[in-house]
Amino acid sequence: MDLYLHLLDWSGSEQIFITRYMRADDRADPARWQNLSVRVDALAQKIAGVDAARKSRSELLGKIRYEAGVLGRNPLQPMDNWGKIITSVDQIISAGLPPSNAGLRTMLVRHLDDMPAELELPENFRRFLHEVDTHLATQEPGAAAPQESRAPTLEVQKVAAFLSGSQVVIIGGDCRHEARRSMISAFGLADLNWIETRAHQTSSQFESAVARDNVKLVLLAIRWSSHSFGDVKTFCDRYSKPLVRLPRGYGVNQMAVEICNQCRLL
């Protein structure tokens, strides 16, 4: 009785509910006392593992936050910083953090369109990119912060002169409303037909979009597209439409550079 009252008083003060063995009709089996220490040790190891995982996750998030801060201060976007971010994101998702984690997305979303195209991306980081893309696609126009409010670059001006009044087709990922609005505005487009893609999707359905008379350019967002979508080039050649592969994100300045380079807008 003394032990029962002690436990009752302690659990009440600590706000812990003891689910078993606190009633006369629910008693612990005395025969199990011999392996009690084994069970306590196993529980201690489990708790230690949870604590270690929490500490590791906190350290990785801190590293990602630091490297993202470096990227924000350095317009050159150093490869070494991106390598550390990608490795840390891969590790933290492997450790159990959902790739859709809002905190992780908030740290990196403003930098992703500037990520160097030549980086090798592990599967977990690709899962993270997919979740970011899906999230951004659900945002209503005007919900996202303005991406590039500076004066148009020379490349943007060249692309605007090339595409003004025409229609562009972009293939890949989910339609981002804010990115679509920015492209139409920056390049003076009459319209932007964003064709969303899914895994195992065939490329044959893209032909009718490419064939339209007012379409002047086709963009293939290869980061979010299946390799089989390279067949889109067949349609572009058939209807004499230039195809530009976008190896990075949807930032207007980055796309303008790719369009200028691949269409040779000198």
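Positions are given from 1 along the sequence. For clarity, every value in this text was computed on a predicted model and none was experimentally measured.
The local environment of CG in Asp29 is crowded, with over 12 non-hydrogen atoms from other residues, nucleotides or ligands closer than 6.0 Å. Residue-environment remark: NZ (Lys63) stays at or below the threshold of 12 foreign heavy atoms within 6.0 Å.
Taken from CD1 in Ile92 to CZ in Phe125, the straight-line distance is 12.5 Å, to the nearest 0.5 Å. Interatomic distance, Asp90 CG to Phe128 CZ, rounded to the nearest 0.5 Å: 12.0 Å. Put simply, CD on Glu67 and OG1 on Thr87 are 10.0 Å apart, with the number rounded to the nearest 0.5 Å. One distance of note links CG of Leu220 with SG of Cys236; it measures 8.5 Å at 0.5 Å rounding. In this structure, CE in Met115 is found 10.5 Å from CE in Met79, a value given to the nearest 0.5 Å.
A donor-acceptor pair under 3.5 Å is formed between the side chain of Lys241 and the backbone N or O of Val210. Judged by distance alone, the side chain of Trp194 and the main-chain N or O of Gly172 form a donor-acceptor pair under 3.5 Å. With hydrogens and angles ignored, the 3.5 Å screen pairs no side-chain donor or acceptor of Glu155 with any backbone N or O of Asn253. Under a 3.5 Å cut-off, the side chain of Gln167 and the backbone N or O of Asp191 do not form any donor-acceptor pair.
Between Asp51 and Lys55 there is no salt bridge, since no side-chain nitrogen of the basic residue lies less than 4.0 Å from a carboxylate oxygen of the acidic one.
Closest non-hydrogen pair, Leu121 versus Arg126, comes out as O-NE, 3.3 Å. Here the closest heavy-atom approach between residue Ile86 and residue Glu120 is recorded as CG2-O, 4.3 Å. Of all non-hydrogen atoms in Gly165 and Ala190, the two that sit nearest each other are O-CB, 3.4 Å.
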